[in-house]
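All residue numbers in this chain count up from 1 along the given sequence.
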Amino acid sequence: MNVLEKIPVREQDAKERATNFREVCLGYNMEEAVAEAQRCIGCKNAQCVKGCPVAINIPGFIDEVKKGDIAAAYQVISEASALPAVCGRVCPQESQCEGKCIRGIKGDPISIGKLERFVADYAREHEIKPEIHVEKKGKKVAVIGSGPAGLTCAGDLAKAGYDVTIFEALHEAGGVLIYGIPEFRLPKEDVVEKEIQNVKELGVKIETNVVVGKSVTIDELMEKEGFQAVFIGSGAGLPKFMGIPGENLNGVFSANEYLTRSNLMKAFKEDNPTPIMRGRKVAVVGGGNVAMDAARTALRLGAETHIVYRRSEEELPARVEEVHHAKEEGIIFDLLTNPVEILSDENGWVKGMKCVRMELGEPDESGRRHPVVKKGSEFEMQLDTVIMALGTSPNPLISSTTQGLETNKWKCIVADEVNGRTTKEGVYAGGDAVTGAATVILAMGAGKAAAKGIVEFLSAR
């Protein structure tokens with residue numbers, strides 16, 4: 001074995017997977033996982049841990065995998081993470097733990113994410129549960145939202161002995177894990193539901209169909225229902241649009257709606273009553289992970305699918321792995337291209353999109369080169385569906401119904417990064433509701449920080 005090269009991970013064939021919604025990555029088996037773990041040099045001052053937003057003891061769990069003791073490896077991970085099977089699949093490890101791996105200086109970094117996934121899947125298949133000993137505190141905490149921030153915060157608070165209830169607006173728990181990420185990247189029944197069940201087994205209660213701000217307010221939860229602290233992890237579900245002519249035509253969707261129909265409502269199944277647009281030629285506008293998810297979903301629903309993005313491939317914000325998978329499956333990338341108008345047929349349906357070619361100019365405030373329109377480059381794409389994947393912002397319902405809760409100009413809740421504390425006493429927040437749309441693992445890190453802040457707050461009372 002060449003220790004400088006990672007053990008390859010098995011995947012579905014690209015042509016086959018482009019026609020189904022089964023998981024693309026097949027993961028490691030025991031032999032492959034142990035071989036990959038043996039590449040780890042077990043750094044004393046492990047940089048990989050510093051790159052993990054929830055600070056998993058990465059050398060510790062990998063050391064147990066080396067020995068073949070997967071149950072012990074799972075217990076090490078469970079001390080820090082409530083959602084290892086999720087994180088092993090969707091975290092951007094290449095820019096976090098694996099991005100800091102010392103082995104990666106002279107060769108391939110250790111496949112930390114694939115090893116975490118293997119351990120979590122093994123634990124699920126062998127019914128291994130986290131070993132938790134809880135001493136009850138007799139104090140109630142409400143968590144708003146059952147996405148990665150809410151589940152992490154709730155799990156940590158339950159481990160600390162608090163009586164936790166999660167309030168979820170939708171009919172099913174999981175937040176973005178359920179409605180936002182496709183089945184072929186993150187299986188719902190086998191992975192997400194099982195990890196949510198592990199959180200419930202810690203004693204966490206989940207109430208669905210509760211829209212906080214409408215069904216009940218935060219003040220009512222605290223003043224009438226006896227919750228002594230509240231964590232807001234309500235995410236960012238309000239889609240953004242470009243503001244160009246034609247965005248209100250039939251056949252134009254936000255990626256949020258499109259993916260929710262497919263992922264939460266199972267519209268991709270032939271016998272499902274939820275409708276979804278099965279376009280023949282689809283353009284997805286945007287270049288992030290959500291754009292890749294929407295494009296790869298449209299492809300599986302039978303469309304010729306284009307990613308339309310105004311910068312070059314180097315500036316694509318999506319994970320390299322997602323871009324690679326999209327290309328393998330046949331997604332067409334129209335880069336340095338920007339829409340200026342969506343065109344209508346005589347019945348008010350999309351028939352095409354007017355675009356301009358771009359070139360990269362000087363870097364903007366973020367350091368990315370600013371795209372500039374090429375003169376005389378206007379052209380039309382013939383389409384029947386356009387999906388806008390331009391990001392999301394928090395729904396202002398909670399902030400507008402909670403007195404004393406400060407928000408910024410983007411309607412994000414203002415909260416302390418270290419402990420999640422907001423401007424309202426006893427109310428904490430984290431994840432996309434604070435930062436705007438970001439990654440699952442960053443939301444988990446925020447939920448973890450807020451749980452610590454809530455424990456400190458309640459311990460002082």
- Examine distances only and state if a side-chain atom of R89 and a backbone atom of A85 form a donor-acceptor pair shorter than 3.5 Å. yes
- Summary of salt bridge (Lys or Arg N to Asp or Glu O under 4.0 Å) pairs that have at least one residue in residues 341-356, sequence neighbours excluded: E341-K354
- Query: With a 4.5 Å heavy-atom cut-off, do P8 and E32 have their side chains touching?
  - Reply: no
- Message: I'd like to check the side chain to side chain contact (heavy atoms under 4.5 Å, CB included) partners of P317; sequence neighbours left out, ordered by chain and number.
- Response: Y309, R368
- How would you list all residue pairs meeting salt bridge (Lys or Arg N to Asp or Glu O under 4.0 Å) that involve residues 392-402, not counting sequence neighbours? none
- Strictly by modelled atom types, are R310 and T337 linked by a side-chain donor-acceptor pair under 3.5 Å? no
- Message: Suppose we screen for ring pair (Phe, Tyr, Trp, His ring centres under 6.0 Å). Which residues come up paired with F268, at least two apart in sequence or across chains?
- Response: F21
- Minimum side-chain heavy-atom gap V340-I244 below 4.5 Å: no
- Apply side chain to side chain donor-acceptor pair (under 3.5 Å) to the pair S146 and E168, showing each step before the final yes or no. CA-CA 6 Å; S146 63; E168 168 55 50; 2.6 Å; yes
- Note on the structure: salt bridge (Lys or Arg N to Asp or Glu O under 4.0 Å) pairs touching residues 430-452, sequence neighbours excluded, are D156-K448
- Item | Partner set under side-chain hydrogen bond (donor to acceptor under 3.5 Å, both in side chains) for N29, not counting sequence neighbours | none
- Item | Under the salt bridge (charged side-chain N to carboxylate O under 4.0 Å, His left out) test, residues paired with E322 that sit two or more places apart | R185, R296
- Message: Between E329 and R17 (salt bridge meaning N to carboxylate O under 4.0 Å), is one present in this structure?
- Response: yes
- N256 side chain to G237 backbone, donor-acceptor under 3.5 Å: yes
- Query: salt bridge (Lys or Arg N to Asp or Glu O under 4.0 Å): which pairs involve residues 379-388, sequence neighbours left out?
  - Reply: R280-D384
- Message: Under a plain distance cut-off of 3.5 Å, with no hydrogens placed, do E321 and H325 share a side-chain donor-acceptor pair?
- Response: no
- Query: Going by heavy atoms in the side chains, are I77 and V119 under 4.5 Å from each other?
  - Reply: yes
Only pairs under 3.5 Å count here: list side-chain donor-acceptor contacts from residues 409-421, not counting sequence neighbours, and write none if there are none.
| from | atom 1 | to | atom 2 | distance (Å) |
| --- | --- | --- | --- | --- |
| D416 | OD1 | V418 | N | 2.7 |
| N419 | OD1 | R421 | N | 3.0 |

- Message: Does either side chain, that of H306 or that of D334, offer a donor lying less than 3.5 Å from an acceptor on the other one?
- Response: yes
- By salt bridge (charged side-chain N to carboxylate O under 4.0 Å, His left out), which residues pair with R103, not counting sequence neighbours? none
- F333: what forms a ring pair (Phe, Tyr, Trp, His ring centres under 6.0 Å) with it, not counting sequence neighbours? none
- Please identify each residue that fulfils ring pair (Phe, Tyr, Trp, His ring centres under 6.0 Å) with F167, with sequence neighbours left out. F227
